[in-house]
Amino acid sequence: MSRLVVVSNRVAMPDQAGGASVGGLTMALAAALQHYRGLWFGWSGETTPAFTGEVHVRETGGVAIATIDLEDQDVQEYYNGYANTVLWPLFHYRIDLTEYERAFGEGYARVNARFADTLLSQIRPDDLIWVHDYHLIPLAQELRRRGLTNRIGFFLHIPWPACQLMTTLPHHQALVEALFAYDLVGFQTQDWLSAFEGYVVDELGGEVHDNGCVSAFGRTVRAGAFPIGIDVDNLTEIVKSATAAKSYDRAAATNVYRQLIIGIDRIDYSKGLEERFAAYAQFLETNPEFRERVSYLQIAQTSRSAVGAYQDIRIRLDGVAGRINAAYGTLDWTPLRYVNRSYGRDFLAGVYRAAAIGLVTPLRDGMNLVAKEYVAAQNPRDPGVLILSRFAGAARQMKSALIVNPYSREDVADAIKRALIMPKVERIERWEALMLGLRTEDVSGWRDAFVDALKTSQSKLHSVPDSAASAPGSPMLTPVPPTRLALDSAICPVSRLRRRKLAVLSPSDL
Ligand code: ADQ
């Protein structure tokens, strides 16, 4: 069996993080690596005065972990800069928050080159390489430049933006061209895949084929939707743990006469927390009979605190939470408990189970694992109700949730009321449908679908790359060398090329 090499910005094996703040994605990657006895490569999270290129290798739980340290300037330009002040807001439709600085692009290209330089020595000839997320889009291009011929796949965990938004990015074509150095490019949902295909057709004059391949820049690569899932069995197991039982009791005890609404998120403007708080206030305002009969607990872990937009949203959320409690709170009732900390998965599982409503209302989200975790943690005989934003990738699968428009506080407020009074028989019916979906498309299915597709995908260079499409001078613009010309014609038969016009997504389309 080929070894799997996972490459992501950061590496955090569950036991290393003590289980405390390990999210679903980390669990998913750790499980994939244990299954394939692979290597996980990424930034250590540490900085060094001058980049050394030294790779620190160790073994944890049957998985080899290889990390590198970066310079402060790298972290500032690549991570805080290009990744989280350019790509993250742009891909989440917040071009108002993007700051395009040339130094950010240079730092992004430099760190991707550093990843390639240091990763190369770790790769064996038959390794499958799986690169994760927007931090590392140019990595395959860098590896190909260094002569690597292994199969390389890329998975984007976040949305792909509509074409008109993508074109606001300076050198957007160069960034997309870098994706054509992969053998397989995966998206969370058909929506994000369609947006990517729309860009390829409308902006690049490229082509989308019936067999799931796309062509542009003289290359053909396979692109598909691979919705990420959760480990349902693991969650239904940990919800029975002693820690989960304790957190359930604590959450239930403080809400003996009240129904609990739970929100669990990283603090991020994409998660729609401000809008959610406003919708809850709207619910209290228009449904006074429910005051003191509900309690909303929002657990919000701080993230990316070096980035200005994240500092701003924290300040605003503190203010809104304070105003809601001041306006509606009473001597013995705090309407909104807003907690800025991270908890272990087992602790969270108990809190999920105690909640009558899981409130998951991002303004834009690649998938959203919290929605899935909430459902998996419910009591089958008395499950709570999931309220889910239509703009989360998860809404494409979880159609039995109460689907809401997070921009409309009235819509969300109505859904809260509907969930609170929903008959048990309807709650069970909806929950059973949601659970069936979670089990059908769980995390191992996601992993195997991607890895199996990667094993049989091979990109093809079928003409000289059209470098005229790229603006000169960017570090990300050199055409990809033709490292492999072979192509399984059953996978990407160029003779059946067909141009297909695709609808370009816009926020209001979704
Ligand atoms: P995120 O934006 O981080 O992930 P999400 O999918 O909700 O969003 O995953 C968050 C994870 O962190 C969950 O597993 C959750 O339990 C955990 N978590 C959140 N708050 C926590 C807290 N306070 N304490 C402890 N754990 C907490 C990105 C994309 C998503 C996509 C995932 C996976 O933005 O759209 O679903 O990757 O592909």
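Every number for a ligand or one of its atoms is a count from 1 in the order of the listing. Along the sequence shown, residues carry numbers from 1.
- Contacts between Y374 and ligand 1, counted as non-hydrogen atom pairs separated by less than 4.0 Å, are absent for every part of the residue.
- When atom types are taken as modelled, the side chain of W192 and the backbone of G366 share a donor-acceptor pair closer than 3.5 angstrom.
- Heavy-atom proximity to R266, at under 4.0 Å, picks out these atoms of ligand 1: 1 (P), 2 (O), 3 (O).
- The shortest N or O to N or O distance between N368 and ligand 1 is under 3.5 Å.
- Aromatic rings from W446 and F155 are positioned such that their centres are separated by under 6.0 Å.
- Only the side chain of L348 comes within 4.0 Å of ligand 1, counting heavy atoms alone; its backbone N, CA, C and O stay farther away.
- Taking the centre of each ring, F277 and Y338 come in below the 6.0 Å mark.
- Short contacts between ligand 1 and G366, defined as distances under 4.0 Å to a heavy atom of the residue, involve ligand atoms 35 (O).
- Not one N or O of W88 is nearer than 3.5 Å to an N or O of ligand 1, by distance alone.
- Here the side chain of E441 pairs no donor or acceptor atom with the backbone of G229 at under 3.5 angstrom.
- Atoms of ligand 1 lying under 4.0 Å from any heavy atom of R341, numbered from 1 in the order shown and given with element: 22 (C), 23 (N).
- With a 4.0 Å cut-off on non-hydrogen atoms, E373 touches ligand 1 through its side chain and not its backbone.
- Note on ring orientation: taking the six-membered ring where Trp is involved, the planes of F450 and F226 are perpendicular (angle over 60°, cut-offs 30° and 60°).
- Counting the atoms of ligand 1 from 1 in the order shown, those under 4.0 Å from a heavy atom of V370 are 7 (O), 15 (C).
- Here the side chain of R353 pairs a donor or acceptor atom with the backbone of A377 at under 3.5 angstrom.
- When the heavy-atom distances from atom 6 (O) of ligand 1 to L369, V339, L29 are ranked, the shortest goes to L369.
- Salt bridge absent: K372 and D442 never bring a charged side-chain N and a carboxylate O closer than 4.0 Å.
- Between the side chain of N368 and the backbone N or O of A392 there is no donor-acceptor pair closer than 3.5 Å.
- Residue contacts with ligand 1 leave out F347, since none of its heavy atoms falls under 4.0 Å from the ligand.
- When each atom of ligand 1 is checked for a heavy atom of I264 under 4.0 Å away, the hits are 19 (C), 20 (N), 21 (C).
- Ligand 1 places these atoms under 4.0 Å from at least one heavy atom of I299: 23 (N).
- Taking the centre and axis of the six-membered ring of Y310, the NZ or CZ atom of R314 falls outside the cone set by 45° and 6.0 Å.
- Contacts between I228 and ligand 1 below 4.0 angstrom, taking non-hydrogen atoms only, involve the side chain exclusively.
- The ring pair (Phe, Tyr, Trp, His ring centres under 6.0 Å) test with F187 singles out one residue from Y134, F154, F91, F196, and that residue is F196.
- At least one heavy atom of Q188 sits closer than 4.0 Å to an atom of ligand 1.
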